[in-house]
Q: 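For reference, the structure I am asking about is given below.
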Amino acid sequence: MSGLVNKGRAMTTKKIEHSSEKVAQIHRELHSHLPPEPALRVKALESLLVEKGMVDPGAIDAWVQLYSEDIGPKRGAQMVAKAWCDAAFKERLLSDGAAAAVEMGFAGWGSGHLKAVANGPQVHNMVVCTLCSCYPLAILGIPPTWYKTAAYRARAVREPRAVLTEFGVELAEEVQVRVWDSTAELRYLVIPERPAGTDDWSEDQLAAIVSRNAMIGTERDLAPTSQGGN
Amino acid sequence: MSGLVNKGRAMTTKKIEHSSEKVAQIHRELHSHLPPEPALRVKALESLLVEKGMVDPGAIDAWVQLYSEDIGPKRGAQMVAKAWCDAAFKERLLSDGAAAAVEMGFAGWGSGHLKAVANGPQVHNMVVCTLCSCYPLAILGIPPTWYKTAAYRARAVREPRAVLTEFGVELAEEVQVRVWDSTAELRYLVIPERPAGTDDWSEDQLAAIVSRNAMIGTERDLAPTSQGGN
Amino acid sequence: MDGVHDLGGRQGYGPIDVNEPEEAFHEAWEGRVLGMVRSMSRPEDWSIDWFRHCRELIDAVDYLSRPYYDSWLQTYGAMLVNSGVATVQELADGKDRGAASTLPPALAEAQVPDAAAAPVLFNRPLSDPPAFQPGDKVRAKRHRHSGHTRLPQYVCGVAGAIHACHGGHVFPDAMSAGEDRGETLYTVAFQIGDLWGDVERPDDIVYLDLWESYLEPL
Amino acid sequence: MDGVHDLGGRQGYGPIDVNEPEEAFHEAWEGRVLGMVRSMSRPEDWSIDWFRHCRELIDAVDYLSRPYYDSWLQTYGAMLVNSGVATVQELADGKDRGAASTLPPALAEAQVPDAAAAPVLFNRPLSDPPAFQPGDKVRAKRHRHSGHTRLPQYVCGVAGAIHACHGGHVFPDAMSAGEDRGETLYTVAFQIGDLWGDVERPDDIVYLDLWESYLEPL
């Protein structure tokens with residue numbers, strides 16, 4: 001099981017010490033004693049966990065491969081393309097994102113409370129996690145680094161329009177911006193608008209033009225480029 | 001003149017560009033291009049200013065000497081000791097700290113709007129500057145580094161009692177803590193209580209036991225030690 | 001806690017790198033951290049909320065300056081030490097000095113596909129009905145406590161409206177301290193002009209997911 | 001601005017070094033910075049408020065991690081570049097590439113004692129009477145602007161009482177943008193229990209010096 005909170009496993013009554021003071025002190029000690037380079041720190045941790053029998057290196061490889069190849073924004077793009085082509089699926093996606101993810105075979109980390117929000121001519125949605133880095137991993141894969149930076153987290157809820165401008169997004173005068181700050185275990189997926197001139201495209205063709213940023217909400221107008229066109 | 005804002009000099013109408021964006025960008029460029037060590041950065045700045053005729057190295061030496069020897073917490077200690085011995089002076093110090101500083105010959109940077117606050121059996125005062133590092137330099141000299149740290153600035157207004165405990169201060173049950181956050185150009189000086197058993201001490205003897213921290217408010221009970229005793 | 005992690009609306013963090021390459025991991029070690037976190041054996045009383053709180057407790061400069069997955073490593077390191085599973089010295093040189101682990105077994109390579117396809121659910125049944133209904137005006141409470149909470153500072157004291165009610169969800173403030181209990185979760189809509197004084201379009205909306213005890217009726 | 005400098009009440013910054021040595025400067029270069037700042041020639045439109053704002057604009061990690069006088073150097077460097085008096089390259093290697101300075105002359109060594117004994121005054125005459133009197137209940141405004149201000153976030157929206165009125169003082173929000181004008185300054189008393197939810201003694205008091213336009217009547 002990958003979950004930190006695991007419903008399938010009974011909670012034990014054994015209590016660890018939840019002392020903020022103690023953990024802050026441990027952080028300071030780690031800061032002073034661990035190797036200076038992240039790669040070296042990671043190597044030390046992996047060696048230690050392997051020696052202690054606390055990790056299977058093959059499992060690490062498997063996760064890296066999964067997130068590098070299988071679990072990524074292509075999944076979200078397929079869901080969006082299907083929603084564009086199939087009004088009933090779009091309805092299901094909007095009303096119960098978790099079930100829609102199961103239906104697509106994309107269930108996993110962060111899909112359990114998936115909420116899709118749809119852009120429209122007068123609505124633009126944008127997702128952030130100001131407190132950490134919450135993101136629908138099962139649907140969009142590993143979040144980009146910028147999504148996890150202080151700059152994006154700080155600015156998205158205060159000057160979303162300036163952030164959008166930085167990403168090259170121009171909003172028409174009548175568009176309202178809706179920012180979703182992922183403060184709980186709900187995970188947000190933006191359904192961008194289907195571009196004009198794509199009426200005869202297949203779902204696969206459509207999926208090819210749905211960018212990761214469009215599903216975070218930092219891109220808006222998807223162009224029917226040669227990438228997806230026929 | 002040392003003042004950044006100088007009443008004696010007529011303001012010109014020439015305007016610099018007050019752009020936060022531009023200055024933030026300059027900071028990033030300086031971060032990337034200046035030498036890695038503070039001492040090297042300082043050396044480069046001094047060389048440049050001397051070459052440009054913008055600074056007199058002898059003046060720098062003079063300031064360093066002044067703050068290392070003449071302008072320091074001994075001044076504040078003399079004011080406190082005098083206030084202990086001379087009720088009329090204490091009255092003047094509490095009602096017009098700036099004038100009291102002039103009377104003592106201690107006028108200077110930060111004495112112009114000096115406010116003295118007196119401890120008592122049921123009152124403990126403590127000074128901080130949460131936004132930067134404001135401090136009565138003419139009276140107490142260069143502030144300690146801890147006064148300028150994020151830790152002190154963050155904690156003094158939220159958990160002053162925990163901070164005091166860290167400094168070894170124990171407060172009697174009936175004592176109220178009053179924290180002065182120096183958000184303007186007023187500069188605060190704490191007058192600690194005169195310790196018992198010092199009735200026959202001279203001002204000089206008394207001044208010798210008044211610590212810098214007692215005048216910031218991170219020390220409370222001044223002991224009549226051999227340092228000051230006769 | 002009012003930690004450095006609580007970044008919503010803070011200023012001075014500069015531009016965003018909008019041209020970042022799109023691959024999942026930019027450095028090989030990043031994937032190793034994620035893979036370890038997903039498969040290592042762990043004390044049963046760890047939770048994602050305890051993880052988040054431990055990450056918030058990282059020194060502010062480290063929090064802001066270290067690469068993202070490096071902060072995960074730092075956090076898991078601290079959690080291992082706090083739980084008595086590893087020592088600082090062991091984490092420093094990677095050499096095991098303790099007894100064999102008595103923790104639940106690690107995830108085996110063959111179990112990864114199933115684990116990757118299993119959503120973790122945070123909803124919890126509640127006997128009490130929700131205190132608020134969609135459309136109700138509420139105010140986020142002004143005061144927070146010093147422990148872990150998911151009530152960001154930037155909405156504290158601000159009025160909004162209930163947008164949706166999600167039933168009971170694990171309450172992070174309790175879970176981070178070891179108590180798994182549910183509380184009603186809402187999505188609350190705030191006018192951006194009520195949050196900040198100098199916004200471009202005051203009627204833009206910021207939605208947050210907030211638990212019932214973060215809110216008071218208005 | 002809601003910058004990283006606005007530290008009042010933030011948590012996670014660790015213990016205080018209560019055993020710091022007492023000498024004025026711990027490194028020789030620290031004194032050089034202070035001496036330069038006190039005696040260098042400068043554009044006439046610089047002000048302490050502009051300096052403070054430029055310091056607030058330092059990258060957050062640099063702000064929190066660099067030694068104090070190093071942050072002064074960084075700030076004056078940025079001010080020199082912004083004013084067109086020096087370039088980044090000149091500050092990097094210390095070599096003058098420009099024309100001779102046309103700024104007011106630098107302070108000479110012989111002038112230092114007089115300069116050190118001259119208090120700088122920030123009071124300014126006002127024609128309008130103060131809006132508040134000692135004892136009046138007030139509330140610090142909730143919203144701040146993105147420029148320089150001396151209204152800390154931690155009192156925004158909180159009620160307090162006027163403790164003292166100091167007449168007109170240079171208004172930093174304007175001065176930092178080049179406009180030297182006075183506004184009534186007050187000392188305002190806040191009960192610490194109104195500022196934070198988890199204090200030891202709610203009746204302890206925090207005083208702040210706040211300008212009239214930071215406050216609203218209650």
Q: Below 4.5 Å from any heavy atom of chain A, which atoms of C:Gln74 appear? Answer side chain, backbone, both or neither.
A: both
Q: So what's closer than 4.5 Å to chain A heavy atoms on C:Ser65: side chain, backbone, both or neither?
A: neither
Q: Compare all side-chain heavy atoms of A:Thr149 with those of C:Asp17 and state whether any distance is below 4.5 angstrom.
A: no
Q: Check whether C:Ile16 gets within reach of chain A through its side chain, its backbone, both or neither, counting any heavy atom under 4.5 Å.
A: both
Q: In Å, rounded to the nearest 0.5 Å, how long is the span from OG1 of A:Thr183 to CG of C:Leu185?
A: 7.5 Å
Q: Side-chain contact test, heavy atoms from C-beta onward, threshold under 4.5 Å: evaluate it for A:Ser20 versus C:His53 and give yes or no.
A: yes
Q: Which value, rounded to the nearest 0.5 Å, describes the distance between A:Asp61 atom CG and C:Glu109 atom CD?
A: 6.5 Å
Q: Can you say whether C:Asp114 sits under 4.5 Å from chain A via the side chain, the backbone, both, or neither, judging by heavy atoms?
A: neither
Q: Could you tell me which portion of A:Ser182 (side chain, backbone, both or neither) has an atom closer than 4.5 angstrom to a non-hydrogen atom of chain C?
A: backbone
Q: Can you tell me how far OG of A:Ser68 sits from CD of C:Glu23, rounded to the nearest 0.5 angstrom?
A: 9.0 Å
Q: With a 4.5 angstrom heavy-atom cut-off, is it the side chain or the backbone of C:Ile58 that approaches chain A, or both, or neither?
A: both
Q: Against chain C, label A:Leu66 side chain, backbone, both or neither, depending on which of its atoms sit under 4.5 Å from a heavy atom there.
A: side chain
Q: Check each atom of C:Leu64 against the heavy atoms of chain A and say whether the ones under 4.5 Å are side chain, backbone, both or neither.
A: side chain
Q: Is there any residue in residues 205-213 of chain C with a non-hydrogen atom under 4.5 Å from a non-hydrogen atom of chain A, and which ones are they?
A: C:Ile205, C:Val206, C:Tyr207, C:Leu208, C:Asp209, C:Leu210, C:Trp211
Q: Nearest heavy-atom pair of A:Ala59 and C:Ala108: which atoms, and what distance?
A: CB-C, 4.1 Å
Q: Could you look at A:Ala62 and say if it's the side chain, the backbone, both or neither that has a heavy atom under 4.5 Å from chain C?
A: both
Q: Test of understanding: with side chain to side chain donor-acceptor pair (under 3.5 Å), list the residues that count as partners of C:Arg97, not counting sequence neighbours.
A: C:Asp93
Q: Check whether A:Gln176 reaches the backbone of C:Asp203 with its side chain - one donor and one acceptor, N or O, closer than 3.5 Å.
A: yes
Q: Select one option (side chain, backbone, both, neither) describing which atoms of A:Lys22 are under 4.5 Å from chain C's heavy atoms.
A: side chain
Q: Side chain, backbone, both or neither: which part of A:Ser19 has a heavy atom under 4.5 Å from chain C?
A: backbone
Q: Which one wins on heavy-atom pair count under 4.5 Å against chain C: A:Val23, A:Val55, A:Val64, A:Leu131?
A: A:Leu131
Q: In Å, rounded to the nearest 0.5 Å, how long is the span from CG of A:Leu171 to CZ of C:Arg201?
A: 8.5 Å
Q: Heavy-atom cut-off 4.5 Å, strictly under: side chain, backbone, both or neither for C:Tyr154 against chain A?
A: side chain
Q: Where do A:Trp109 and C:Ile48 come nearest, in terms of heavy atoms and distance?
A: CZ2-CD1, 4.3 Å
Q: For the atom pair CD (C:Glu22) and CG (A:Asn213), what is the distance rounded to the nearest 0.5 Å?
A: 6.0 Å
Q: Got C:Tyr68 and A:Thr145 here, is their nearest side-chain heavy-atom distance under 4.5 Å?
A: no
Q: Tell me, do C:Leu107 and A:Asp56 make a side-chain contact under 4.5 Å, heavy atoms counted?
A: no
Q: Let me know if C:Val85 has heavy atoms under 4.5 Å from chain A in its side chain, its backbone, both or neither.
A: both
Q: What distance separates A:Glu17 CD from C:Asp45 CG, expressed to the nearest 0.5 Å?
A: 11.5 Å
Q: Which atoms of C:Pro67 are under 4.5 Å from chain A, going by heavy atoms: the side chain, the backbone, both sets, or neither?
A: side chain
Q: Between A:Glu29, A:Lys148, A:His33, which has the largest tally of heavy atom pairs under 4.5 Å with chain C?
A: A:Lys148
Q: Which heavy atom of C:Pro152 sits nearest a heavy atom of A:Asp181, and at what distance?
A: CG-OD2, 4.3 Å
Q: Heavy-atom cut-off 4.5 Å, strictly under: side chain, backbone, both or neither for A:Ile71 against chain C?
A: side chain
Q: Among A:Val128, A:Leu48, A:Thr130, A:Leu114, which residue forms the greatest number of heavy-atom pairs with chain C at distances under 4.5 Å?
A: A:Leu48
Q: Mind listing the closest non-hydrogen atom pair of A:Cys132 and C:Arg55 along with its distance?
A: CB-NH1, 4.0 Å
Q: Which answer fits C:Ser176, side chain, backbone, both or neither, if we ask what part of it has an atom under 4.5 Å from a heavy atom of chain A?
A: backbone
Q: Starting from the C-alpha separation in whole Å, work towards a yes-or-no answer on side-chain hydrogen bond (donor to acceptor under 3.5 Å, both in side chains) for C:Asp62 and A:His27.
A: CA-CA 10 Å; C:Asp62 285 348; A:His27 277 308; over 6 Å; no
Q: What part of A:Leu137 lies closer than 4.5 angstrom to a heavy atom of chain C: side chain, backbone, both or neither?
A: side chain
Q: Check whether any side-chain heavy atom of A:Glu159 sits under 4.5 Å from a side-chain heavy atom of C:Gln11, and report yes or no.
A: no
Q: A:Met54, A:Lys115, A:Arg28, A:Glu69: which one forms the most heavy-atom pairs within less than 4.5 Å of chain C?
A: A:Met54
Q: Which answer fits A:His113, side chain, backbone, both or neither, if we ask what part of it has an atom under 4.5 Å from a heavy atom of chain C?
A: side chain
Q: Examine whether an atom of A:Leu49 lies under 4.5 Å from a heavy atom of chain C, and if so say whether it belongs to the side chain, the backbone or both; otherwise answer neither.
A: side chain
Q: Does a side-chain heavy-atom distance below 4.5 Å link C:Met36 with A:Val42?
A: yes
Q: Side chain, backbone, both or neither: which part of C:Arg150 has a non-hydrogen atom closer than 4.5 Å to chain A?
A: both
Q: Can you check whether C:Asp204 reaches A:Arg161 side chain to side chain, under 4.5 Å on heavy atoms?
A: yes
Q: Of the non-hydrogen atoms in C:Arg32 and A:Ile60, which two are nearest, and what is the gap between them?
A: CZ-CG2, 3.4 Å
Q: Give, as side chain, backbone, both or neither, the part of A:Lys43 having an atom under 4.5 angstrom from any heavy atom of chain C.
A: neither
Q: Are A:His18 and C:His148 packed together at the side-chain level, in the sense that at least one heavy-atom pair is separated by less than 4.5 angstrom?
A: no
Q: Run the salt-bridge test on C:Arg124 and A:Glu185 with the 4.0 Å N-O cut-off and return the result as yes or no.
A: no
Q: Most heavy-atom pairs under 4.5 angstrom with chain C, which of A:Pro144, A:Gly53, A:Gly141, A:Pro160?
A: A:Pro144
Q: What pairs with A:Asn125 under side chain to side chain contact (heavy atoms under 4.5 Å, CB included), at least two apart in sequence or on another chain?
A: A:Val117, A:Asn119, A:Val123, A:Arg178, A:Trp180, A:Val190
Q: Taking C:Gly14, C:Pro21, C:Ala164, C:Gly9 one by one, which has the highest count of heavy-atom pairs under 4.5 Å against chain A?
A: C:Gly9
Q: Go through the atoms of C:His169 and report whether side chain, backbone, both or neither lie under 4.5 Å from a heavy atom of chain A.
A: side chain
Q: Please list, in residue-number order, every residue in residues 94-108 of chain A that has a heavy atom less than 4.5 Å from any heavy atom of chain C; write 'none' if there are none.
A: A:Ala107, A:Gly108
Q: For atom CD of A:Glu174, is the number of surrounding heavy atoms from other residues, nucleotides or ligands below 6.0 Å larger than 12?
A: yes
Q: Taking everything shown except A:Glu21 itself, do over 12 heavy atoms lie less than 6.0 Å from its CD?
A: no
Q: Picking from A:Gln25, A:Arg212, A:Arg41, which has the most non-hydrogen pairs under 4.5 angstrom with chain C?
A: A:Arg41
